[in-house]
Protein chains: 2
Amino acid sequence: MNKILIVDDDIEYTENLKEILDNAGYVNDAAESVKEAMEKLCTQQFDVILLDFMMPGIDGINALGEFKKISPNSKIIMITAFASIENAVRAIKNGASEYISKPFKIEALLLMIKQVIEELRFEGDIKKLKLEGTLSSLSNSIRREIIRMFQTNPKIRMMETARKLDIEDHTKVIFHLKILKEARILKQDKKRAYLLTKEGQKVLECLNILDNYLSEQ
Amino acid sequence: MNKILIVDDDIEYTENLKEILDNAGYVNDAAESVKEAMEKLCTQQFDVILLDFMMPGIDGINALGEFKKISPNSKIIMITAFASIENAVRAIKNGASEYISKPFKIEALLLMIKQVIEELRFEGDIKKLKLEGTLSSLSNSIRREIIRMFQTNPKIRMMETARKLDIEDHTKVIFHLKILKEARILKQDKKRAYLLTKEGQKVLECLNILDNYLSEQ
DNA sequence: AACCGGTGTGAACTATTCTTCACATAACCC
DNA sequence: GGGTTATGTGAAGAATAGTTCACACCGGTT
(Lines give C-alpha, C1' and ligand atoms only; values in the text may rest on other atoms or scores of the structure.)
Protein backbone atom coordinates (compact mmCIF):
# COMPACT_ATOMS: atom_id res chain seq x y z
CA MET A 1 0.00 0.00 0.00
CA ASN A 2 2.03 2.94 -1.23
CA LYS A 3 1.88 6.23 0.61
CA ILE A 4 2.07 9.61 -1.07
CA LEU A 5 2.61 13.03 0.47
CA ILE A 6 1.34 16.10 -1.41
CA VAL A 7 3.18 19.28 -0.51
CA ASP A 8 1.40 22.33 -1.93
CA ASP A 9 -0.18 25.48 -0.54
CA ASP A 10 -3.00 25.47 -3.10
CA ILE A 11 -5.76 23.86 -1.06
CA GLU A 12 -8.19 23.32 -3.89
CA TYR A 13 -5.59 21.71 -6.11
CA THR A 14 -4.51 19.55 -3.20
CA GLU A 15 -8.04 18.36 -2.43
CA ASN A 16 -8.58 17.44 -6.07
CA LEU A 17 -5.35 15.58 -6.20
CA LYS A 18 -6.03 13.72 -2.96
CA GLU A 19 -9.30 12.44 -4.34
CA ILE A 20 -7.71 11.34 -7.59
CA LEU A 21 -4.90 9.51 -5.81
CA ASP A 22 -7.37 7.96 -3.41
CA ASN A 23 -9.38 6.64 -6.33
CA ALA A 24 -6.19 5.33 -7.89
CA GLY A 25 -5.64 3.22 -4.76
CA TYR A 26 -2.96 5.21 -2.98
CA VAL A 27 -2.96 6.18 0.67
CA ASN A 28 -2.20 9.87 0.69
CA ASP A 29 -1.73 12.84 2.98
CA ALA A 30 -1.06 16.53 2.40
CA ALA A 31 0.96 19.40 3.84
CA GLU A 32 0.43 23.06 3.05
CA SER A 33 3.90 24.13 4.04
CA VAL A 34 7.38 22.69 3.96
CA LYS A 35 7.45 22.87 7.76
CA GLU A 36 4.28 20.82 8.04
CA ALA A 37 5.63 18.36 5.48
CA MET A 38 8.83 17.90 7.44
CA GLU A 39 6.89 17.21 10.59
CA LYS A 40 4.92 14.50 8.81
CA LEU A 41 8.08 13.03 7.31
CA CYS A 42 9.60 12.73 10.78
CA THR A 43 6.83 10.48 12.00
CA GLN A 44 5.63 8.68 8.88
CA GLN A 45 7.18 6.88 5.96
CA PHE A 46 6.10 8.04 2.51
CA ASP A 47 7.06 6.33 -0.70
CA VAL A 48 6.46 9.33 -2.94
CA ILE A 49 6.45 13.07 -2.26
CA LEU A 50 4.78 15.45 -4.73
CA LEU A 51 6.51 18.74 -4.09
CA ASP A 52 5.45 22.03 -5.58
CA PHE A 53 8.36 24.13 -6.73
CA MET A 54 6.96 27.39 -5.41
CA MET A 55 6.30 27.01 -1.72
CA PRO A 56 5.91 30.07 0.49
CA GLY A 57 9.07 31.07 2.29
CA ILE A 58 11.40 28.54 0.72
CA ASP A 59 12.70 27.71 -2.72
CA GLY A 60 11.84 24.25 -4.05
CA ILE A 61 15.43 23.08 -4.34
CA ASN A 62 16.07 23.84 -0.68
CA ALA A 63 12.90 22.03 0.32
CA LEU A 64 14.02 19.11 -1.83
CA GLY A 65 17.32 18.96 0.05
CA GLU A 66 15.61 19.06 3.43
CA PHE A 67 13.24 16.26 2.51
CA LYS A 68 16.09 14.12 1.20
CA LYS A 69 17.85 14.46 4.53
CA ILE A 70 14.84 13.34 6.55
CA SER A 71 13.51 10.74 4.17
CA PRO A 72 16.37 9.55 1.97
CA ASN A 73 14.47 6.64 0.52
CA SER A 74 11.36 8.53 -0.61
CA LYS A 75 10.98 9.43 -4.25
CA ILE A 76 10.32 13.12 -4.90
CA ILE A 77 8.41 14.40 -7.91
CA MET A 78 8.82 18.15 -8.45
CA ILE A 79 5.74 19.92 -9.80
CA THR A 80 5.91 23.43 -11.19
CA ALA A 81 3.81 25.97 -13.04
CA PHE A 82 6.88 27.70 -14.42
CA ALA A 83 8.85 25.05 -16.25
CA SER A 84 12.42 25.71 -17.34
CA ILE A 85 15.27 23.48 -18.38
CA GLU A 86 17.49 25.06 -15.77
CA ASN A 87 15.10 24.32 -12.93
CA ALA A 88 14.51 20.82 -14.20
CA VAL A 89 18.23 20.09 -14.25
CA ARG A 90 18.72 21.64 -10.82
CA ALA A 91 15.88 19.59 -9.37
CA ILE A 92 17.12 16.28 -10.75
CA LYS A 93 20.70 17.02 -9.73
CA ASN A 94 19.50 17.74 -6.22
CA GLY A 95 17.74 14.43 -5.88
CA ALA A 96 14.29 14.70 -7.46
CA SER A 97 13.21 11.60 -9.28
CA GLU A 98 10.97 13.37 -11.76
CA TYR A 99 9.87 16.87 -12.81
CA ILE A 100 6.50 17.76 -14.26
CA SER A 101 4.89 21.08 -15.12
CA LYS A 102 1.36 22.26 -14.48
CA PRO A 103 -1.00 22.03 -16.10
CA PHE A 104 -0.51 18.29 -16.66
CA LYS A 105 -2.78 15.49 -17.72
CA ILE A 106 -3.70 13.46 -14.67
CA GLU A 107 -2.84 10.28 -16.56
CA ALA A 108 0.69 11.53 -17.08
CA LEU A 109 1.16 12.15 -13.34
CA LEU A 110 -0.35 8.80 -12.41
CA LEU A 111 1.96 7.07 -14.86
CA MET A 112 4.92 8.94 -13.42
CA ILE A 113 3.94 7.94 -9.90
CA LYS A 114 3.59 4.35 -11.01
CA GLN A 115 7.06 4.45 -12.52
CA VAL A 116 8.79 5.88 -9.48
CA ILE A 117 7.08 3.32 -7.29
CA GLU A 118 8.48 0.63 -9.61
CA GLU A 119 11.91 2.18 -9.18
CA LEU A 120 11.44 2.09 -5.45
CA ARG A 121 10.52 -1.58 -5.58
CA PHE A 122 13.50 -2.30 -7.77
CA GLU A 123 15.83 -0.55 -5.33
CA GLY A 124 14.29 -2.47 -2.48
CA ASP A 125 14.90 -5.72 -4.35
CA ILE A 126 18.53 -4.82 -4.92
CA LYS A 127 18.92 -4.08 -1.25
CA LYS A 128 17.39 -7.41 -0.35
CA LEU A 129 19.71 -9.24 -2.69
CA LYS A 130 22.68 -7.49 -1.14
CA LEU A 131 21.56 -8.47 2.33
CA GLU A 132 20.89 -12.04 1.27
CA GLY A 133 24.25 -12.30 -0.45
CA THR A 134 26.00 -10.94 2.60
CA LEU A 135 24.20 -13.22 5.02
CA SER A 136 24.70 -16.23 2.77
CA SER A 137 28.43 -15.58 2.61
CA LEU A 138 28.67 -15.10 6.34
CA SER A 139 26.53 -18.09 7.29
CA ASN A 140 29.29 -20.61 6.67
CA SER A 141 32.16 -20.66 9.12
CA ILE A 142 34.87 -21.41 6.55
CA ARG A 143 33.76 -18.48 4.48
CA ARG A 144 33.72 -16.31 7.56
CA GLU A 145 37.29 -17.25 8.34
CA ILE A 146 38.31 -16.60 4.74
CA ILE A 147 36.74 -13.16 4.78
CA ARG A 148 38.30 -12.36 8.16
CA MET A 149 41.67 -13.39 6.83
CA PHE A 150 41.63 -10.47 4.40
CA GLN A 151 41.78 -8.13 7.35
CA THR A 152 45.48 -8.91 7.68
CA ASN A 153 46.17 -10.37 4.23
CA PRO A 154 44.95 -8.02 1.50
CA LYS A 155 46.20 -10.40 -1.21
CA ILE A 156 46.63 -14.15 -0.89
CA ARG A 157 46.85 -17.29 -3.01
CA MET A 158 44.80 -20.41 -2.68
CA MET A 159 47.28 -22.79 -1.01
CA GLU A 160 48.35 -20.05 1.38
CA THR A 161 44.74 -19.66 2.38
CA ALA A 162 44.43 -23.38 3.03
CA ARG A 163 47.57 -23.29 5.19
CA LYS A 164 46.45 -20.27 7.18
CA LEU A 165 43.05 -21.82 7.85
CA ASP A 166 44.62 -25.21 8.55
CA ILE A 167 42.47 -26.98 5.96
CA GLU A 168 44.12 -29.95 4.28
CA ASP A 169 41.66 -30.59 1.48
CA HIS A 170 42.46 -27.90 -1.06
CA THR A 171 39.27 -28.55 -3.01
CA LYS A 172 37.21 -27.59 0.01
CA VAL A 173 38.95 -24.26 0.11
CA ILE A 174 38.54 -23.85 -3.63
CA PHE A 175 34.85 -24.56 -3.36
CA HIS A 176 34.31 -21.79 -0.83
CA LEU A 177 36.62 -19.36 -2.59
CA LYS A 178 34.60 -20.03 -5.73
CA ILE A 179 31.35 -19.23 -3.95
CA LEU A 180 32.83 -15.95 -2.75
CA LYS A 181 34.13 -15.17 -6.21
CA GLU A 182 30.77 -15.85 -7.82
CA ALA A 183 29.17 -13.65 -5.19
CA ARG A 184 31.57 -10.91 -6.27
CA ILE A 185 33.07 -10.69 -2.84
CA LEU A 186 36.48 -11.83 -4.07
CA LYS A 187 38.32 -11.27 -7.30
CA GLN A 188 41.60 -12.64 -8.64
CA ASP A 189 44.59 -10.86 -10.16
CA LYS A 190 46.82 -12.08 -12.95
CA LYS A 191 48.83 -14.27 -10.62
CA ARG A 192 45.60 -15.80 -9.37
CA ALA A 193 45.92 -14.19 -5.95
CA TYR A 194 42.60 -13.41 -4.30
CA LEU A 195 41.62 -9.91 -3.20
CA LEU A 196 38.46 -8.44 -1.70
CA THR A 197 36.24 -6.50 -4.07
CA LYS A 198 34.62 -3.26 -2.96
CA GLU A 199 31.54 -5.29 -2.12
CA GLY A 200 33.71 -7.75 -0.28
CA GLN A 201 35.14 -5.01 1.88
CA LYS A 202 31.60 -4.12 2.88
CA VAL A 203 30.93 -7.72 3.82
CA LEU A 204 34.07 -7.77 5.97
CA GLU A 205 32.90 -4.56 7.61
CA CYS A 206 29.53 -6.14 8.33
CA LEU A 207 31.30 -9.07 9.95
CA ASN A 208 33.35 -6.73 12.13
CA ILE A 209 30.27 -4.75 13.04
CA LEU A 210 28.46 -7.89 14.14
CA ASP A 211 31.51 -9.14 16.05
CA ASN A 212 31.78 -5.85 17.92
CA TYR A 213 28.07 -5.56 18.54
CA LEU A 214 27.80 -9.07 19.97
CA SER A 215 30.86 -8.47 22.16
CA GLU A 216 29.13 -5.69 24.02
CA GLN A 217 27.57 -6.78 27.26
CA MET B 1 50.04 -20.19 20.83
CA ASN B 2 49.11 -17.99 23.75
CA LYS B 3 50.88 -14.71 24.27
CA ILE B 4 51.70 -13.26 27.65
CA LEU B 5 52.88 -9.76 28.54
CA ILE B 6 54.82 -9.29 31.77
CA VAL B 7 54.59 -5.75 33.15
CA ASP B 8 57.10 -5.22 35.96
CA ASP B 9 60.02 -2.89 36.63
CA ASP B 10 62.05 -5.58 38.41
CA ILE B 11 64.30 -6.73 35.59
CA GLU B 12 65.69 -9.78 37.33
CA TYR B 13 62.27 -11.06 38.30
CA THR B 14 61.07 -10.42 34.79
CA GLU B 15 63.95 -12.33 33.18
CA ASN B 16 63.33 -15.30 35.47
CA LEU B 17 59.64 -15.27 34.69
CA LYS B 18 60.23 -14.98 30.96
CA GLU B 19 62.36 -18.08 31.03
CA ILE B 20 59.85 -20.02 33.05
CA LEU B 21 56.97 -19.07 30.78
CA ASP B 22 59.08 -19.82 27.72
CA ASN B 23 59.79 -23.29 29.08
CA ALA B 24 56.10 -23.73 29.78
CA GLY B 25 55.38 -23.16 26.09
CA TYR B 26 54.13 -19.59 26.10
CA VAL B 27 55.25 -16.81 23.79
CA ASN B 28 56.00 -13.91 26.05
CA ASP B 29 57.19 -10.33 26.09
CA ALA B 30 57.91 -7.81 28.81
CA ALA B 31 57.50 -4.12 29.57
CA GLU B 32 59.27 -2.27 32.37
CA SER B 33 56.75 0.53 32.51
CA VAL B 34 53.05 0.99 31.98
CA LYS B 35 53.82 3.34 29.11
CA GLU B 36 55.92 0.71 27.38
CA ALA B 37 53.24 -1.88 28.03
CA MET B 38 50.57 0.32 26.46
CA GLU B 39 52.70 0.81 23.38
CA LYS B 40 53.05 -2.94 23.00
CA LEU B 41 49.33 -3.45 23.56
CA CYS B 42 48.55 -1.02 20.75
CA THR B 43 50.42 -3.08 18.21
CA GLN B 44 50.14 -6.64 19.49
CA GLN B 45 47.47 -8.89 20.87
CA PHE B 46 48.20 -10.53 24.20
CA ASP B 47 46.01 -13.15 25.80
CA VAL B 48 47.28 -12.64 29.33
CA ILE B 49 48.87 -9.66 31.05
CA LEU B 50 50.80 -10.15 34.29
CA LEU B 51 50.65 -6.74 35.93
CA ASP B 52 52.61 -5.77 39.01
CA PHE B 53 50.56 -3.72 41.41
CA MET B 54 53.37 -1.28 42.23
CA MET B 55 54.56 0.27 39.00
CA PRO B 56 56.54 3.49 39.02
CA GLY B 57 54.46 6.58 38.46
CA ILE B 58 51.07 4.91 38.42
CA ASP B 59 48.91 2.91 40.77
CA GLY B 60 48.04 -0.63 39.69
CA ILE B 61 44.32 -0.02 39.51
CA ASN B 62 44.77 2.87 37.11
CA ALA B 63 47.12 0.84 34.97
CA LEU B 64 44.54 -1.93 34.99
CA GLY B 65 41.91 0.44 33.70
CA GLU B 66 44.16 1.73 30.95
CA PHE B 67 45.00 -1.75 29.77
CA LYS B 68 41.33 -2.78 29.75
CA LYS B 69 40.57 0.15 27.46
CA ILE B 70 43.22 -0.76 24.93
CA SER B 71 42.91 -4.52 25.15
CA PRO B 72 39.43 -5.35 26.42
CA ASN B 73 39.70 -9.04 25.66
CA SER B 74 43.00 -9.71 27.42
CA LYS B 75 42.97 -11.36 30.82
CA ILE B 76 44.88 -9.46 33.51
CA ILE B 77 46.48 -11.14 36.49
CA MET B 78 47.46 -8.68 39.22
CA ILE B 79 50.64 -9.54 41.08
CA THR B 80 51.59 -7.83 44.33
CA ALA B 81 54.12 -8.03 47.16
CA PHE B 82 51.74 -6.29 49.55
CA ALA B 83 48.60 -8.34 49.61
CA SER B 84 45.45 -6.99 51.15
CA ILE B 85 41.80 -7.87 50.87
CA GLU B 86 40.97 -4.31 49.96
CA ASN B 87 43.37 -4.25 47.04
CA ALA B 88 42.28 -7.66 45.87
CA VAL B 89 38.63 -6.57 45.79
CA ARG B 90 39.50 -3.33 44.03
CA ALA B 91 41.52 -5.14 41.43
CA ILE B 92 38.85 -7.69 40.64
CA LYS B 93 36.11 -5.04 40.56
CA ASN B 94 38.19 -3.06 38.11
CA GLY B 95 38.54 -5.91 35.71
CA ALA B 96 41.41 -8.13 36.84
CA SER B 97 40.80 -11.80 36.31
CA GLU B 98 43.00 -12.97 39.16
CA TYR B 99 45.14 -11.64 42.00
CA ILE B 100 48.26 -13.31 43.39
CA SER B 101 50.80 -12.17 45.93
CA LYS B 102 54.58 -12.47 45.85
CA PRO B 103 56.29 -14.59 46.79
CA PHE B 104 54.27 -17.31 45.02
CA LYS B 105 54.99 -20.82 43.95
CA ILE B 106 55.62 -20.89 40.24
CA GLU B 107 53.26 -23.81 39.90
CA ALA B 108 50.46 -21.72 41.34
CA LEU B 109 51.04 -18.95 38.82
CA LEU B 110 51.27 -21.39 35.94
CA LEU B 111 48.03 -23.01 37.01
CA MET B 112 46.38 -19.61 37.26
CA ILE B 113 47.57 -18.71 33.78
CA LYS B 114 46.27 -21.98 32.44
CA GLN B 115 42.88 -21.29 34.01
CA VAL B 116 42.50 -17.78 32.63
CA ILE B 117 43.47 -19.02 29.19
CA GLU B 118 40.71 -21.60 29.50
CA GLU B 119 38.31 -18.82 30.41
CA LEU B 120 39.44 -16.89 27.38
CA ARG B 121 38.78 -19.86 25.13
CA PHE B 122 35.41 -20.38 26.70
CA GLU B 123 34.46 -16.74 26.14
CA GLY B 124 35.62 -16.93 22.57
CA ASP B 125 33.49 -20.01 22.05
CA ILE B 126 30.46 -18.25 23.50
CA LYS B 127 31.03 -15.33 21.21
CA LYS B 128 31.27 -17.61 18.22
CA LEU B 129 28.07 -19.39 19.18
CA LYS B 130 26.29 -16.07 19.46
CA LEU B 131 27.48 -14.99 16.05
CA GLU B 132 26.58 -18.33 14.51
CA GLY B 133 23.18 -18.31 16.14
CA THR B 134 22.52 -14.81 14.93
CA LEU B 135 23.63 -15.52 11.39
CA SER B 136 21.74 -18.77 11.28
CA SER B 137 18.54 -17.02 12.33
CA LEU B 138 19.05 -14.26 9.83
CA SER B 139 20.01 -16.50 6.92
CA ASN B 140 16.45 -17.53 6.18
CA SER B 141 14.17 -14.91 4.64
CA ILE B 142 11.03 -15.98 6.50
CA ARG B 143 12.83 -15.75 9.79
CA ARG B 144 14.15 -12.34 8.81
CA GLU B 145 10.64 -11.13 8.09
CA ILE B 146 9.42 -12.55 11.38
CA ILE B 147 12.15 -10.79 13.31
CA ARG B 148 11.54 -7.54 11.45
CA MET B 149 7.87 -7.77 12.26
CA PHE B 150 8.63 -7.34 15.97
CA GLN B 151 9.83 -3.86 15.22
CA THR B 152 6.20 -2.76 14.96
CA ASN B 153 4.49 -5.65 16.74
CA PRO B 154 6.07 -6.24 20.15
CA LYS B 155 3.63 -9.07 20.88
CA ILE B 156 1.89 -11.24 18.32
CA ARG B 157 0.21 -14.61 17.97
CA MET B 158 0.89 -17.30 15.47
CA MET B 159 -1.99 -16.92 13.03
CA GLU B 160 -1.58 -13.17 13.10
CA THR B 161 2.03 -13.66 12.09
CA ALA B 162 1.01 -15.89 9.20
CA ARG B 163 -1.50 -13.29 8.04
CA LYS B 164 0.97 -10.42 8.27
CA LEU B 165 3.58 -12.34 6.33
CA ASP B 166 0.98 -13.61 3.87
CA ILE B 167 1.91 -17.26 4.43
CA GLU B 168 -0.96 -19.71 4.03
CA ASP B 169 0.62 -22.82 5.42
CA HIS B 170 0.49 -22.30 9.16
CA THR B 171 2.89 -25.16 9.82
CA LYS B 172 5.59 -23.39 7.87
CA VAL B 173 5.25 -20.41 10.13
CA ILE B 174 5.20 -22.65 13.19
CA PHE B 175 8.35 -24.38 12.06
CA HIS B 176 10.27 -21.11 11.81
CA LEU B 177 8.80 -19.70 15.00
CA LYS B 178 9.91 -22.88 16.70
CA ILE B 179 13.46 -22.47 15.43
CA LEU B 180 13.51 -18.94 16.79
CA LYS B 181 12.08 -20.09 20.07
CA GLU B 182 14.63 -22.84 20.45
CA ALA B 183 17.35 -20.32 19.62
CA ARG B 184 16.01 -18.22 22.50
CA ILE B 185 15.25 -15.33 20.21
CA LEU B 186 11.53 -15.57 20.87
CA LYS B 187 9.56 -16.51 23.93
CA GLN B 188 5.84 -17.04 24.50
CA ASP B 189 3.56 -15.66 27.17
CA LYS B 190 0.63 -17.40 28.80
CA LYS B 191 -1.68 -16.62 25.93
CA ARG B 192 0.89 -18.07 23.57
CA ALA B 193 1.74 -14.70 22.04
CA TYR B 194 5.32 -14.43 20.84
CA LEU B 195 7.72 -11.74 22.10
CA LEU B 196 11.37 -11.03 21.46
CA THR B 197 13.77 -12.05 24.21
CA LYS B 198 16.66 -9.80 25.19
CA GLU B 199 18.82 -11.83 22.85
CA GLY B 200 16.18 -11.49 20.18
CA GLN B 201 16.26 -7.74 20.46
CA LYS B 202 19.98 -7.88 19.78
CA VAL B 203 19.36 -9.97 16.69
CA LEU B 204 16.80 -7.44 15.46
CA GLU B 205 19.34 -4.70 16.09
CA CYS B 206 21.94 -6.62 14.07
CA LEU B 207 19.44 -6.87 11.24
CA ASN B 208 18.79 -3.14 11.35
CA ILE B 209 22.49 -2.44 11.48
CA LEU B 210 23.10 -4.53 8.39
CA ASP B 211 20.13 -3.00 6.59
CA ASN B 212 21.40 0.50 7.30
CA TYR B 213 24.97 -0.31 6.46
CA LEU B 214 24.08 -1.88 3.12
CA SER B 215 21.84 1.09 2.28
CA GLU B 216 24.77 3.45 2.33
CA GLN B 217 26.23 4.09 -1.08
C1' DA C 1 60.76 -32.06 -22.04
C1' DA C 2 59.87 -33.85 -17.47
C1' DC C 3 58.68 -33.11 -12.92
C1' DC C 4 56.45 -31.04 -9.08
C1' DG C 5 53.59 -28.10 -6.56
C1' DG C 6 49.73 -25.21 -7.19
C1' DT C 7 45.19 -24.62 -8.75
C1' DG C 8 40.89 -25.87 -10.60
C1' DT C 9 36.60 -28.84 -12.33
C1' DG C 10 32.62 -31.60 -12.09
C1' DA C 11 30.17 -35.33 -10.41
C1' DA C 12 28.86 -38.27 -6.73
C1' DC C 13 27.88 -38.43 -2.17
C1' DT C 14 26.64 -36.67 2.43
C1' DA C 15 24.67 -33.46 5.50
C1' DT C 16 21.61 -29.95 6.59
C1' DT C 17 17.67 -27.16 6.03
C1' DC C 18 13.15 -26.37 4.59
C1' DT C 19 8.43 -27.65 3.14
C1' DT C 20 4.48 -30.38 3.27
C1' DC C 21 1.18 -33.48 5.01
C1' DA C 22 -1.75 -35.93 8.10
C1' DC C 23 -3.20 -35.67 12.21
C1' DA C 24 -3.44 -34.21 17.20
C1' DT C 25 -4.23 -31.03 20.94
C1' DA C 26 -5.84 -26.68 22.90
C1' DA C 27 -8.76 -22.80 23.35
C1' DC C 28 -12.83 -20.27 22.62
C1' DC C 29 -17.68 -19.48 21.93
C1' DC C 30 -22.52 -20.67 21.70
C1' DG D 1 -20.92 -30.44 25.30
C1' DG D 2 -20.17 -29.62 20.47
C1' DG D 3 -18.36 -27.07 16.79
C1' DT D 4 -14.95 -24.15 15.07
C1' DT D 5 -10.66 -21.88 14.99
C1' DA D 6 -6.06 -21.73 16.57
C1' DT D 7 -1.96 -23.99 17.45
C1' DG D 8 1.16 -27.67 17.47
C1' DT D 9 3.76 -32.38 16.30
C1' DG D 10 6.52 -35.54 13.84
C1' DA D 11 7.74 -37.88 9.82
C1' DA D 12 8.49 -38.04 4.94
C1' DG D 13 9.93 -35.80 1.04
C1' DA D 14 12.17 -32.06 -1.42
C1' DA D 15 15.55 -28.61 -1.81
C1' DT D 16 19.80 -26.71 -0.74
C1' DA D 17 24.45 -26.58 1.00
C1' DG D 18 28.71 -28.66 1.82
C1' DT D 19 32.34 -32.37 1.29
C1' DT D 20 35.07 -35.57 -1.14
C1' DC D 21 37.21 -37.77 -4.91
C1' DA D 22 39.37 -38.53 -9.28
C1' DC D 23 41.31 -36.23 -12.46
C1' DA D 24 42.78 -32.21 -15.38
C1' DC D 25 45.22 -28.04 -16.29
C1' DC D 26 48.75 -24.45 -15.18
C1' DG D 27 53.14 -22.42 -14.13
C1' DG D 28 57.77 -22.59 -12.63
C1' DT D 29 62.14 -24.99 -12.24
C1' DT D 30 65.72 -28.12 -13.61
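Sequence lines set the chain letters: A, B, ... in the order given, protein chains first and strands last, and positions in each chain run from 1.
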- Message: Using a 4.0 Å cut-off to any heavy atom of chain A, which nucleotides of DNA chain D are the first and last in contact, reading 5' to 3'?
- Response: D:dG18 to D:dA22

- Residue-level proximity of residues 164-179 of chain B to DNA chain C when a heavy atom falls under 4.0 Å: B:Asp169, B:Thr171, B:Lys172, B:Phe175, B:His176

- Query: Is it the case that more than 12 heavy atoms not belonging to B:Asn23 sit under 6.0 Å from its CG atom?
  - Reply: yes

- Message: More than 12 heavy atoms of other residues, nucleotides or ligands under 6.0 Å from NZ of B:Lys35: yes or no?
- Response: no

- Note on the structure: Hits for side chain to side chain donor-acceptor pair (under 3.5 Å) against B:Lys172, two or more places apart or cross-chain, chain-then-number order -> none

- Query: On DNA chain C, which is the earliest and which the latest nucleotide, 5' to 3', with an atom closer than 4.0 Å to a heavy atom of chain A?
  - Reply: C:dG6 to C:dT9

- Task: Enter the distance from B:Glu132:CD to B:Leu135:CG here, rounded to the nearest 0.5 Å.
- Result: 8.0 Å

- Message: Quick check on DNA chain D: between A:Asn140 and B:Tyr194, whose nearest nucleotide comes earlier from the 5' end?
- Response: B:Tyr194

- What's the verdict on side-chain hydrogen bond (donor to acceptor under 3.5 Å, both in side chains) for B:Asn153 and B:Glu160, showing C-alpha distance, side-chain angles and the deciding distance? CA-CA 10 Å; B:Asn153 299 271; B:Glu160 224 178 319; over 6 Å; no

- Item | Residues forming a salt bridge (charged side-chain N to carboxylate O under 4.0 Å, His left out) with A:Glu123, sequence neighbours excluded | A:Lys75

Would you list the atom pairs, donor with acceptor, under 3.5 Å between side chains in residues 192-199 of chain A and any protein atom, with sequence neighbours excluded?
unit_1, atom_1, unit_2, atom_2, d
A:Tyr194, OH, A:Gln188, NE2, 3.2
A:Thr197, OG1, A:Arg184, O, 2.6
A:Thr197, OG1, A:Ile185, O, 3.1
A:Thr197, OG1, A:Glu199, N, 3.4
A:Thr197, OG1, A:Gly200, N, 2.9

- Message: Salt bridge or not between B:Arg148 and B:Glu145? Use side-chain N to carboxylate O under 4.0 Å.
- Response: yes

- Query: Does some side-chain heavy atom of B:Val89 sit less than 4.5 Å from a side-chain heavy atom of B:Tyr99?
  - Reply: no

- Item | Closest contact, heavy atoms only, A:Ile146 versus A:Leu165 | CG1-CD1, 3.5 Å

